Every structure is written in structure tokens, then in C-alpha cells.
Number of protein chains: 2
Amino acid sequence: MTDQDVTASSDVAELLSQASSALERFQIMYSVLRDRICMLVYPPGTQLSEEALASEFGVSRSPLRKALQILEADGLLLSQQGVGTLVTEVDLQELSQVYELRLELNELTGRLCPRPLDQKLVALFDSLKRRAERLSAAPDRAVFARLNIDFFHAFQQLTLNEPLRDVSEKLFYRTCRIWLTLIDEKDLPKEVTIFCGEIVEIANAVRLGDYQAAALIRRAHLSMGFNRLKTAIQRSADLKAS
Amino acid sequence: MTDQDVTASSDVAELLSQASSALERFQIMYSVLRDRICMLVYPPGTQLSEEALASEFGVSRSPLRKALQILEADGLLLSQQGVGTLVTEVDLQELSQVYELRLELNELTGRLCPRPLDQKLVALFDSLKRRAERLSAAPDRAVFARLNIDFFHAFQQLTLNEPLRDVSEKLFYRTCRIWLTLIDEKDLPKEVTIFCGEIVEIANAVRLGDYQAAALIRRAHLSMGFNRLKTAIQRSADLKAS
DNA sequence: CGTCGGTTATTTGTACACAAATAAGAACTC
DNA sequence: GAGTTCTTATTTGTGTACAAATAACCGACG
């Protein structure tokens, strides 16, 4: 069972009961909740109930709260006594600062501690390429979002610098929701086409072992993507005002 | 009362009783514990007792555990059921990856979202320069460590990119203990002289508004400092082996 | 004497009951 | 009828008792 399947699993209580240590149980709850937040199962502004979640997961509030507290430190949740635990909104100001940093970190991923190219890595990007082709044929928001997450993780494999991977991952999860919240059905095919192009290009660069080229391509797409985001935000703000 | 005083305060229970919200109480406990870890009040390998700390802080284990859990996520603590809560050791392998990343992030601090130069910033660096001069006259390990921390925070003021500041801070606190653990009394005057020279140079660059120059100087010192660290680690390993 | 096995003490993890804080709604007043 | 204050329901925060896990200790046995 892969990690994606774990986080997407519906019977979390079952998984938790099979976990052998407190650390494992924490990781399951953390992954599941983060995944739900990023896949908009819990859209921004959603109020989570500790009681209800603990009940669903088959644990008491104590261990659940640890997962919630780390997610709060990650900037995905906000808990307040007497109010509740709310999924944070994504704010343009904050988003643009995170994106600016991600652009630079992305370049480092292609430069620091490069992981030697092996068949496994090539195969990973190939499988993403195939998934991208299937997505192109039948655009779907959830499939798009999932591929976006998995592609991010594949890209992170290019570096062996663990602190860089950790930092990049936190920042990624802080921003990736914005796509699902802003891209409407009409824009989806266009975005899918662009994204699949990116995957193909980067997979080719990786196959050649040129990680810096891969990073440059990704940086370009991140930058262009952020610009498209800004116009989408502007558009939705105009829509709201009218 | 400044933040440094807060973290250095001995009567934490008193402070906590005056805090008005759970968030404030958390921040106090977190800052105090992080400070104690970085100032080697709790050297690497120290076992902390939740019971004892909760008792000292005048709270129950529940709110204390939140602070411990975040510190564990920061990589400063490691909790294990049946074993205890241990202050992590600093490992050379990990350290060098973090340093490599810090070198690069440091450059970003001088480049992204520069904070407009104002009198307050100049005054901040001037006051650090004066503290450095006093330290030079009377080298002291604890004063050195404190100045190192405060100088880091001053440098962070050069950028307004908050995610960058957050990330840099976490990485700084993950590495800064190494100096106190490795630099012995004999090396102290030399290290103090080098560090004070860095502060003077950077303060001058800041006064001119040339943050990128400041970042370059700092990068050079970070790099050289890391090299000195590596030889010190090698030396202490040799000492251990003999 | 060394080694293996069980026992026990200690520590974190978990469950649960209650306290504190907030917000929504009801009732009361002007 | 509008505004204000009190009440109450709901939610997270905190305290505490107990469970689970680990490691050190001790004794028996080879």
C-alpha cells in the first residue's frame, strides 16, 4: 500500500488500530488531515471538530490534538479557545511571499546534493508522464491536484539535502490548495495542458541527468503559474465586487 | 521587558501566571525551553522530565507538552514512550546539510523583499557593534552565544519576506548550539575577535544600505565558520579516539 | 562468573472530566 | 423596534488518572 493510498483511505480508524507506535499513529493522522486540507475535502474556512475527528479516527482528543497542533504550526489550521479549529484562508500577500521563496528554493533543489541518476528515478518520472497523458485525455480537478502533489514529491527526489526537502515540502503544502480553490472547470483543460507539458519537459531533463535544467524549467513554470494565479485572484475579486 | 529578558528569566511560573491567553503561555514556554537548549542549560543528551518542567512552570503536563512537541518538530528534542524526552545531539552529517542550505538562504535574506533602511535599523546594528566591543574586551562564552543569537535576529530584519525569516530562524536554532559545544576556552578569544569583525563589517554595509554586500560578508563568515567547525569536530573526534 | 528471564520503576502516551472562552440567541429595557 | 445585557450552548484548553512501553535491576540458572 503506497503512501498516497494511505492518505486517501477512508477508514482511518482501521489503519490507526494496526499502527504499532504512537509515532506511526501521529503520522497517519497528520498525513490524512493534511491531505484532506490540500484536496479541499476541508476547504478554507471549514471548522473542524476535535470531538468528531477523534471519534472518526477511533482515538481520544489527546493524540489527535498533536496532529492538529503541528498542522497549526504549518499554517494550515488555526485553533482558538471558544471558537474552534478553522482551516486557514490563503491570502494573496502571504502567498506571493511564499512563492517568491519557493522560486529560489526550487533552484537549490536542482543544485544542492544532487541525487545520482538511476533507473528508479527515470521510472518514477516516466510513470508521472503516463499519468499526465491520461489526465490530458480526461481532465479532472482531483486527479490534477493529486498529480501535482506527486510530481512535487518526485521533483524533491533530485536533491539529497534533507533540510531543503523538509522546508520545500512545508512551503509547498502551504500554497498548493490555491489551485483547486481558484481554477474553475472552464480553465481546467488549459491548466492541465500546461502542467502536462511541464512534466514532459522536466522528465526529459531528468533523463539526461541535467537537474539544473529541470529546475530552470520548473522555476519558469512556477513563475508563470503564479502570474496566472494573480490574474485569477484579481478576476474573482472583481466578480465579488460586482 | 524585552524578549531576551523573558527567555532568560528564572521565574517562568510568574510570567506564565501573568499571561492572558493560551497562545501567550505557549510562546513563553516554547521560547524559554528553546533558549535553554541553545544556551546549553540543557546540553545535548540531557533528559527532560515533563513532570518536573510542568511543576517548575506551574502548569500541568498538557500545555507543556504542546511546547515540547513543537520543539520536537523543530529537531531540538526527541520524545519516546518509556524512554524520555532527550535533547538531540548535533550530528556532523546533518549539520553540514543545514549549513549548506543556510549559506544559500542567507543570500536570499539580502536580496528578497529588502526592508527600507531607517534609523532604527542602523541603531540596532550600532548597539550590536557596541556589545561586540565590550565582548572583545572580556570574552565570555555565554555573552558570545547571546550576541550570536541577537545578531542573527538583527540580520533577519534586512528582509520583509516572512516565510524566509521563519525558515531561516528554524535552521539557525538547529545549528547554533554547536558553537558552545565545541569552542573551548582556549579558542574563545580568537572566535570572538573573528565574530566581532564580522559584526563591524556587516554593520557598515547595512549603514550604506547595501544588503547584498552584508549578505556576502555574512556568507563568507558562515562558510569559514563552518570550516573551522569541521576541524574542531575532527579534533574532538581524534581526542576521543586517543 | 556470565547470561538469560522476569520484575519493577520510570517515563511518555492516552482517555476523560472539567475549566475557560467565545459567540449566538433570548429576554429585557428604553 | 432597536439596542443591550444576560444566559446558554459549543468549543478548545487544562488537569489528572491510568495504560503502554522501555530500561535498569535482580535473581535464578547454566
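Note that the structure is predicted; figures quoted are calculated from it, not measured. Chain naming here is simple, since letters A, B, ... match the order of the sequence lines and numbering starts at 1 in each.
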Ignoring backbone atoms, test whether [X] places a side-chain nitrogen or oxygen under 4.0 Å from the OP1 or OP2 oxygen of [N].
{"X": "A:Arg65", "N": "C:dT14", "result": "no"}
{"X": "B:Arg61", "N": "D:dA17", "result": "no"}
{"X": "B:Ser79", "N": "C:dT12", "result": "no"}
{"X": "B:Ser60", "N": "D:dG15", "result": "yes"}

**Request:** For the pair B:Asp166 and A:Lys170, find out whether any cationic side-chain nitrogen is under 4.0 Å from an anionic carboxylate oxygen.
**Result:** no
**Message:** For B:Arg141, is there an ion pair with B:Asp187 - N to carboxylate O distance below 4.0 angstrom?
**Reply:** no
**Prompt:** Is the cationic atom of A:Arg102 (NZ for Lys, CZ for Arg) positioned less than 6.0 Å from the six-membered ring centroid of A:Tyr99 and within 45 degrees of its normal?
**Reply:** yes
For nucleotides 22-24 of chain C, list the nitrogen or oxygen atoms of the protein found under 3.5 Å from its nitrogen or oxygen atoms, one pair per line.
none

**Item:** Within 6.0 Å of CD in B:Glu24, more than 12 heavy atoms from elsewhere
**Value:** yes
**Item:** A:Glu51 atom CD, over 12 foreign heavy atoms within 6.0 Å
**Value:** no
Can you tell me the distance, in whole Å, between the [atom1] atom of [X] and the [atom2] atom of [N]?
{"X": "B:Arg25", "N": "C:dA20", "atom1": "CZ", "atom2": "P", "value": "10 Å"}
{"X": "B:Phe57", "N": "D:dG15", "atom1": "CZ", "atom2": "C1'", "value": "17 Å"}
{"X": "B:Leu16", "N": "D:dG15", "atom1": "CG", "atom2": "P", "value": "10 Å"}
{"X": "A:Leu64", "N": "C:dT14", "atom1": "CG", "atom2": "P", "value": "11 Å"}
{"X": "A:Leu86", "N": "D:dT11", "atom1": "CG", "atom2": "C1'", "value": "11 Å"}
{"X": "B:Gln47", "N": "C:dT10", "atom1": "CD", "atom2": "P", "value": "12 Å"}
{"X": "B:Leu78", "N": "D:dT22", "atom1": "CG", "atom2": "P", "value": "13 Å"}
{"X": "A:Phe26", "N": "C:dT14", "atom1": "CZ", "atom2": "C1'", "value": "16 Å"}

Are [X] and [Y] linked by a side-chain donor-acceptor pair shorter than 3.5 Å?
{"X": "B:Arg177", "Y": "B:Thr88", "value": "yes"}
{"X": "A:Gln18", "Y": "A:Glu14", "value": "yes"}
{"X": "A:Ser31", "Y": "A:Gln27", "value": "no"}

**Request:** Give A:Thr85 one of three labels, base, sugar-phosphate or nothing, depending on what nucleic acid heavy atoms sit under 4.0 Å from its own.
**Result:** sugar-phosphate
**Fill in**
Assign each of A:Gln69 and A:Ser20 the nucleotide of DNA chain D bearing its closest heavy atom; nearer the 5' end lies the nucleotide of A:Gln69
**Complete:** Sorted by number, residues from residues 48-56 of chain A placing a heavy atom under 4.0 Å from DNA chain D are A:Leu48, A:Glu50
**Message:** Please check: side-chain N/O of B:Gln156 versus main-chain N/O of B:Thr109, any donor-acceptor pairing under 3.5 Å?
**Reply:** no
**Message:** Nearest 0.5 angstrom please: A:Thr231 OG1 to A:Phe226 CZ, how far?
**Reply:** 10.5 Å
**Request:** Spell out yes or no: do the side chain of B:Ser62 and the base of D:dG15 have one donor N/O and one acceptor N/O closer than 3.5 Å?
**Result:** yes
